[in-house]
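A note on names: the letters A, B, ... follow the listed sequences, proteins ahead of strands, and every chain is numbered from 1. Values reported hereafter were calculated over all heavy atoms of this structure, with side chains retained and with hydrogens, waters and symmetry mates removed.
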There are 2 protein chains.
Amino acid sequence: MYPGVVARRRDPAVRTQLIERAAHMLRTREPITLRSLVAGTSVSTMAIYTHFGGMDGMWKALRQEGFTRLGARLAQVTPSADPVRDLTALIAAYLGNALDHPDLYRVMFDANFDLEDAQAADDTLEYLVQAAERGRRAGRYRADTTPLELATQSWAVAHGLVSLVATGPLPRPTLAHGPLLLTALFTATGDDPNRCRQSVKQGWQPDLTSD
Amino acid sequence: MYPGVVARRRDPAVRTQLIERAAHMLRTREPITLRSLVAGTSVSTMAIYTHFGGMDGMWKALRQEGFTRLGARLAQVTPSADPVRDLTALIAAYLGNALDHPDLYRVMFDANFDLEDAQAADDTLEYLVQAAERGRRAGRYRADTTPLELATQSWAVAHGLVSLVATGPLPRPTLAHGPLLLTALFTATGDDPNRCRQSVKQGWQPDLTSD
DNA sequence: CATCTAAACATAGCACGGCTATGTTATGTA
DNA sequence: TACATAACATAGCCGTGCTATGTTTAGATG
């Protein structure tokens, strides 16, 4: 009788509000439960089910949000004429993000790593790949290492260091090993040692108060 | 009247049984809850409280167990005349352990990293420190890097790589970057490039079917 | 060996967690 | 304006960790 009839649309603002509140509760170390999350908002517990399908979906969306924020932070790194400096700066930004939001960082790598949009993780890696690609074109790396490989290796080093510090047993000064590790990696990939040290030194400014 | 009286002692076998069952449930992906853990055993839920003080204490003990197993695996690495080979072999064993028991590995680095005995984590690190120390004495490394620093750096690299593979988004073949990363690190610390490559190649045999 | 103490142990029930069933309301098309 | 549909509110279910309480048992003492 009314064939093309379409019902009430869900309000995207509710979804955003819930994710932002969850991120804030994570930051302030409040336990995030179905009821505590909706408490203080104008919506009921059912909102979590209509917008996320349950708490699992909410955590998934929160992981997604973490990658989005990381991507935004990496985007703030302005490319220069020195790709090695840039790649270092990207890694430093990665560390800064993890240190500023350790709980969110941990959530990002939780539970089977299922994201709503797996592309989001690839997109952040792409920042590193791009810098590596420019480094390869600039002749700073040997051709037998692909940009993706170098980006992945840089990521592994950064993740290992920062996760052991931000959510692990190592003390914060351990981060000072970052430049040495990156220099070791870049040099092993073909960059000139002295030039590499310079580039890494210039790029290594982990801004720990941005967001 | 009976001043020095001592009451019934708790049975250590119960504690061991519960931890082993928890480890097994972790391996078989069964959800570990207070009730599901004691189900199938002859003990009641109260046993978790007398032996661990609650589920938190049980997880803590399980983390401890993880480090104990890791230590046992590292102990299987027999030292040779080549300390760089040995350090590489230790890292390979570390990776093998994490890949064999990814869930236990994740638990080990969960939640504020509080262990029953913080020494256990240091003890496993000590294996790496010892190898690094022997490497320094053999003149393979410069004196401006302490054995603890080199061990920590090796750990960070290994942890970053294996956690992104075992419980993260990277595919398993990514582990093949291990030798390159270690060679880069050891070379940057002063080892001769060719000799280092040899040592790493000899040490890199991640036995993934032990335990 | 009998006795008494204290802790291990079992049982029952609490508060809170995620989730679902069901009723109500708002939205947008016809 | 009428109606179909899905967003939304409410209430209650089951499973969770935990605690209160009663019972049992190991073991030192005399």
Side-chain angles (χ1 to χ4, degrees), chain A residues 1-26 28-64 103 107 110-112 114 116, chain B residues 1-26 28-64 103 107 110-112 114 116:
Chain A
M1 226 189 240
Y2 293 83
V5 80
V6 172
R8 185 178 179 183
R9 321 271 179 153
R10 67 184 59 163
D11 185 2
V14 173
R15 187 178 210 277
T16 305
Q17 184 194 14
L18 287 172
I19 288 183
E20 286 183 352
R21 175 166 167 79
H24 179 261
M25 291 175 76
L26 209 61
T28 56
R29 303 288 200 284
E30 300 168 74
I32 300 179
T33 72
L34 173 68
R35 289 174 172 82
S36 71
L37 181 56
V38 299
T41 73
S42 59
V43 302
S44 79
T45 58
M46 269 306 291
I48 272 77
Y49 292 86
T50 57
H51 286 276
F52 305 106
M55 282 303 282
D56 265 10
M58 196 283 299
W59 286 108
K60 210 155 136 177
L62 195 55
R63 277 195 283 282
Q64 196 79 28
D103 301 286
V107 170
D110 250 13
N112 296 337
D114 43 343
E116 295 182 315
Chain B
M1 221 187 240
Y2 292 84
V5 79
V6 170
R8 186 178 179 184
R9 319 270 177 155
R10 66 185 60 167
D11 185 2
V14 173
R15 187 178 211 277
T16 305
Q17 183 194 14
L18 287 172
I19 288 183
E20 286 183 353
R21 174 165 167 79
H24 178 261
M25 292 175 76
L26 209 61
T28 55
R29 303 287 201 285
E30 300 168 76
I32 299 178
T33 73
L34 173 68
R35 289 172 174 83
S36 72
L37 181 56
V38 299
T41 73
S42 59
V43 302
S44 80
T45 58
M46 270 304 292
I48 271 78
Y49 292 86
T50 59
H51 287 275
F52 305 107
M55 282 303 282
D56 265 9
M58 196 284 298
W59 286 108
K60 212 152 127 178
L62 196 56
R63 276 195 284 281
Q64 197 79 28
D103 301 286
V107 169
D110 251 16
N112 296 337
D114 42 342
E116 295 182 316

message: Taking only side-chain N and O atoms of His51(B), does any of them lie within less than 4.0 angstrom of OP1 or OP2 on dC9(C)?
response: yes
Over all atoms of both residues, closest heavy-atom pair of Ala23(B) and Leu62(B): N-CD1, 3.9 Å
Please list every donor-acceptor pair under 3.5 Å in which a side-chain atom of residues 38-47 of chain B meets a protein atom from a residue at least two apart or in another chain.
unit_1   : atom_1 : unit_2   : atom_2 : d
Thr41(B) : OG1    : Val38(B) : O      : 2.6
Thr41(B) : OG1    : Val43(B) : N      : 3.3
Ser44(B) : OG     : Met46(B) : N      : 3.3

- prompt: Are Met58(B) and Met55(B) side-chain neighbours, meaning at least one heavy-atom pair lies under 4.5 Å?
  reply: yes
Heavy-atom protein contacts under 4.0 Å, nucleotides 11-19 of chain D, coded B base, S sugar-phosphate only, - none: -B---BBBB
field: Heavy-atom side-chain proximity of Ser36(A) to Met25(A) below 4.5 angstrom
entry: yes
Any Thr50(A) side-chain nitrogen or oxygen under 4.0 Å from OP1 or OP2 of dC8(D): yes
query: Is there side-chain contact between Tyr49(B) and Leu34(B), with at least one heavy-atom pair below 4.5 Å?
result: yes
statement: Rounded to whole Å, CZ of Phe52(B) lies from P of dC9(C) at a distance of 11 Å
- request: Taking all non-hydrogen atoms of both residues into account, name the closest pair between Ala61(B) and Ile19(B) and its distance.
  value: CB-CD1, 3.8 Å
field: Nearest-Å distance for atom pair NZ/C1', residues Lys60(A) and dG18(C)
entry: 17 Å
task: Return the value, rounded to whole Å, for the distance between atom CZ of Arg15(A) and atom C1' of dA6(D).
output: 17 Å
